[in-house]
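All remarks here apply to the structure that follows.
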Amino acid sequence: MNVYKDRANTLTVVATLIAAVTFAAGFTVPGGYDQNSGISILLHEKMFAVFIICNSWALYSSIIAVVILLWAQGSDLDAPMLASAHPRLAWALLMMMLAFMAGSYVTISKLTWLCILALGWIGGKSLVFVLMLLYPMIALGLSFPRVMDKRNRFRRKLGRLFYLSSI
C-alpha cells in the first residue's frame, strides 16, 4: 500500500506540473497578442491551431489524471486506480511535446535551417523515442508495472521455447 501511495504522489506532482505548464502556455501563446485587439497575432496560422489543440489536450488530460490520483488517494488506493491515470499522463506528455513543436514551428518557420535542426532532427528523434516508451500506455492502456510483467512473461516463454528447441 505504501508503494502505491508513493507512486500516486509522484504521478500527482508530474500531472500537476504538466497542467501548470500547459495552462501558462495557453495564455502566453507563441507570437504574443495584438496590442489593440488582444487577439493572438498568429491566430490564422495552421500550426497555431495545432498548438492550441495539443496544448488543450495536454492540459485536460493532466487535469483528469490529477483528479483520478487525488480521488484514488482519498479512497483505498490500489493498482487499477493508478493504472487508469497512466494513459492520461502519457497523452498529456505526448501532446505537450507536440504543442511545443507546433509553437516553435509557428514562431521560427521563416528560418528553414533552424526548423530542420530543432524540429526535424532533435524534436523528431525525441518524439519517436517518447512514442516508443509511451506506446504501451497510450495504445494498450497499460501501466508501467503491467508492461514490465508482460515483457518478463514473454521472455520466460521465449526462453522455454529456445530451451525446448535446443534439446
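Just so it is clear, the values below take in all heavy atoms, side chains as well, and ignore hydrogens, waters and symmetry mates.
The hydrophobic cluster containing L134 also contains L11, counting ILVMFWY residues as joined when their side-chain heavy atoms lie under 4.5 angstrom apart, directly or transitively. Placement of F48 and M95 within a single hydrophobic cluster is found when ILVMFWY residues are connected by side-chain heavy-atom separations under 4.5 Å, directly or transitively. L59 and W57 fall into different hydrophobic clusters, defined by Ile, Leu, Val, Met, Phe, Trp and Tyr side-chain heavy atoms under 4.5 Å apart, directly or through other members. There is a path of hydrophobic side-chain contacts, each under 4.5 Å, that joins M96 to V50. Hydrophobic clustering (ILVMFWY, side-chain heavy atoms < 4.5 Å, transitive): M47 and I39 are in one cluster.
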Inset, instruction - Determine, stepwise, if the pair L127 / L98 fulfils side-chain contact (heavy atoms from CB on, under 4.5 Å). - result: CA-CA 8 Å; L127 186 63; L98 290 174; 3.7 Å; yes
Inset, instruction - Start with the C-alpha gap between T107 and L42, add the side-chain angles, then the distance that decides, and say whether side-chain contact (heavy atoms from CB on, under 4.5 Å) holds. - result: CA-CA 9 Å; T107 56; L42 302 172; 4.3 Å; yes
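Across all their heavy atoms, I18 and A58 have their closest contact at CG2-O, 4.2 Å. Between A65 and A15 the shortest heavy-atom distance is CB-CB, 4.2 Å. Residue I41 comes nearest to G31 through the heavy atom pair CD1-O, 3.4 Å, listed as atom of the first residue, atom of the second, then distance. Between W91 and S61 the shortest heavy-atom distance is CB-OG, 4.1 Å. Scanning all heavy atoms of the two residues, the minimum distance from F51 to A99 falls at CD1-O, 3.1 Å.
Note that CZ of F23 is 13.5 Å distant from OG1 of T16, once rounded to the nearest 0.5 Å. Note that the CG atom of L89 and the OG atom of S62 stand 7.5 Å from one another [nearest 0.5 Å]. In this structure, T12 OG1 and K5 NZ are separated by 9.0 Å, a value rounded to the nearest 0.5 Å. If you take CD1 on I108 and CD1 on I116, they are separated by 10.5 Å, rounding to the nearest 0.5 Å. Note that CE of M101 is 8.0 Å distant from OG of S126, once rounded to the nearest 0.5 Å. In this structure, CG on L114 lies 12.0 Å from OH on Y105, to the nearest 0.5 angstrom.
Put simply, the side chain of N55 gets close to the backbone of T22: a donor and an acceptor are under 3.5 Å apart.
Y60 OH: 12 or fewer foreign heavy atoms inside a 6.0 Å radius.
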